[in-house]
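Inspection log for the structure reproduced underneath, given as structure tokens.
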Amino acid sequence: MIEESRAPSNFIRQIIDEDLASAKHSEVVTRFPPEPNGYLHIGHAKSICLNFGIARDYKGRCHLRMDDTNPAKEEQEYVDAIKADVRWLGFDWNGHEYHAADYFPRLYEWAEKLVREGKAFVDDQSADEVRRTRGTLTTPGAPSPFRDRSPEENLDLLRRMRKGEFPDGSRTLRAKIDMASPNLNLRDPVMYRIRREHHDRTGDEWCIYPTYDWAHGESDAIEGITHSLCTLEFEAHRPLYDWYLEQIEVPHRPRQIEFARLNITYTMLSKRHLGALVAEGLVSGWDDPRMPTIAGLRRRGYTPEALRLFCDRIGVAKADSTVEVELLENTLRELLNVSVKRALCVHRPLKVVVENWEDGKVDEIEAPFLADDPSAGSRKLPFTRELFIERDDFMEVPGKGFKRLSPGKEVRLRHAYVLRCNSVTKDSRGEVTELRATIDPDTRSGNPKDGRKVGGAVHWVSAPLSKPATLRLYDRLFRVPNPGAGEADFRTQLNPHSLEILDGARIEPAVAEAQPMERWQFERKGYYVADAKDSKPGAPVFNLIVPLRDTWAKGGG
RNA sequence: UGGGGCGUCGUCUAAGGGCAGGACAUGGGACUUUGAAUCCCAUUAUGAUGGUUCGAAUCCAUCCGCCCCAACCA
């Protein structure tokens, strides 16, 4: 097995090991808490593999929790997509699906408790005033003039906020912590804001909504989460996470641990920006095969195994990091190589007439789908007088090291005969339109009897018996290694060649009936998948998943 | 110039007082009916300076660099 059944260790697993060894915990409970305001991307896959992987390896459980505290941005479509993506990745929350919104009543009760204890107050200041009085990184903030209201008044006001007596944004409930704290998150953070917004789950029951900080640790506590894993930017929120937890009575305290989020070269992993690409029509949708979303990668032809193996390989640590996209591609190829059946597909056809093959004669040549694995079966390749080969596989004036076809030279037709090019036909523009050639009849699936060496092998199809196919050649969405970095607008950094459509490709008959999502390797070219939406048996549309490595092209040849 | 983090090959990540290891990438070679795969070889790293120690990537000090925080976003 290439894929490890247990993920490699990391600093978080070490912490868990210690917690188990010291009997601080007897079981491990994690959670994956997406906000349903967009589709999951490969960065989320890292978090999913981490959280669900830990639950699997420690025989604990991992909850799927929709972090839906902000009704303005959340939709059911996203909830459904998130669940589909997590399942496709190969993980199961075993019925532990929760929503932060389900905790709204409990959160509100706890808020009243804080108010009664003088630990929270209703602030009448506007968002603008709150911002202005928060202070700066180096100077303390000024307390709100409403900070010292009595618990009775605060309780009355909070209840009226909840009942809807005040307009949106006119008041907030704030925790009373420390306006002079060097940690801005502790300068009387907002716990509730007034917002008359329909919530997908609670409807119009609430007009006040809890903030992330107030809801998250409490949700973790309610669910009995032991280790609450999140990304580095929440590090400064941990003191607040802990402060809130200290104010309420819960049987166990979850521990927040932060790790570095995933970055990948030539890739943008920002839900907001990815959403902009979709909204502005720069891609065909969240599942555009160029998108680093899980839905996009799935449609592109990536396998869940590859994504999981990749997540194991990148590791988990606290240092900011950017993984080279080559690691992702290599992981994918490594898995596809051992399992995906081979076929021949001529991308840009060039006609070859075999002069010593009589018209109408068909030789059916047996060819295995996988050279190393006879159990994968085989198919018959029809060989006829007229063939197509790849335009790139012929050069009238071959460059140094060119091993393919040129006038007077021989090349191996994969699985079939050795072919010699006799003459070249060109059109008025000097474009090569046809090759005349002869085959060596003694080389059918074998080597020349006289022991002469034939350097290259090229793929081919029968001209009359091959089938048409549409090929979508995908390349990276961005031309720059770090799109959107600094002041740059990612829209100006899109790769204009991220999609090239070839409608004139010819495939061997065995592939023409491919079912949607069926994967093939087109030899010497790359791995392809029949598009989930646009491909039909008999009218195939293939997406390039990833090209084969090409050390010839790389060497500048 | 407050607070919180982080610095190990080009990239990601191990080793946490005792041989700096792996993967990807890169270069070379072997093999090849996929210029793929496979195999072999090679290159390259502990941010800096001091200190403790028989011995420091690891402990201490100072410095340098990078990231995050001033939404009623998450």
Using a heavy-atom cut-off of 4.0 Å across all strands, would you classify A:S321 as base, sugar-phosphate, or nothing? sugar-phosphate
Using the C1' atom in both, what is the distance from B:A14 to B:C24, to the nearest Å? 15 Å
On the six-membered ring of A:F388, is A:R506 placed so that its NZ or CZ lies under 6.0 angstrom from the centre and within 45° of the ring axis? no
Please work out whether the ring planes of A:H44 and A:H41 are parallel, tilted or perpendicular, with thresholds of 30° and 60°. tilted
Look at all strands and tell whether A:H216 reaches a base, only sugar-phosphate, or nothing, counting heavy atoms closer than 4.0 Å. nothing
Checking the side chain of A:R201 only, and the main-chain atoms of A:D102 only, is there a donor and an acceptor separated by less than 3.5 Å? no
Gap in Å between the two P atoms, one belonging to B:C63 and one to B:G2, rounded: 12 Å
Look at the side chain of A:R313 against the base of B:U13 and say whether a donor-acceptor pair falls under 3.5 Å; ignore hydrogens and angles. no
Please report the distance separating the C1' of B:U11 from the corresponding atom of B:U46, rounded so that it comes out in whole Å. 16 Å
Can a side chain N or O of A:K318 be found less than 4.0 Å away from OP1 or OP2 on B:C67? no
Under the rule syn = chi within 90° of 0, otherwise anti, which is B:A71? syn
Looking at B:A74 and A:Y212: do their rings stack (centroid distance under 5.5 Å, interplanar angle under 30°)? no
Assess A:R414 against A:W460: is NZ or CZ under 6.0 Å from the centre of the six-membered ring, and within 45 degrees of the ring's axis? no
Convert the base pairs of RNA chain B into dot-bracket notation, remembering that pairs crossing earlier ones are written with [ ] and that bases paired across to another strand are shown as |; include only Watson-Crick or G-U pairs under 3.5 Å. .((((((..((((....[..)))).(((((.......)))))....(((((..]....))))))))))).....
OP1 or OP2 of B:G35 versus the side-chain N and O atoms of A:R524: is any pair under 4.0 Å? yes
Same-atom distance (C1') from B:C68 to B:A74, integer angstrom: 15 Å
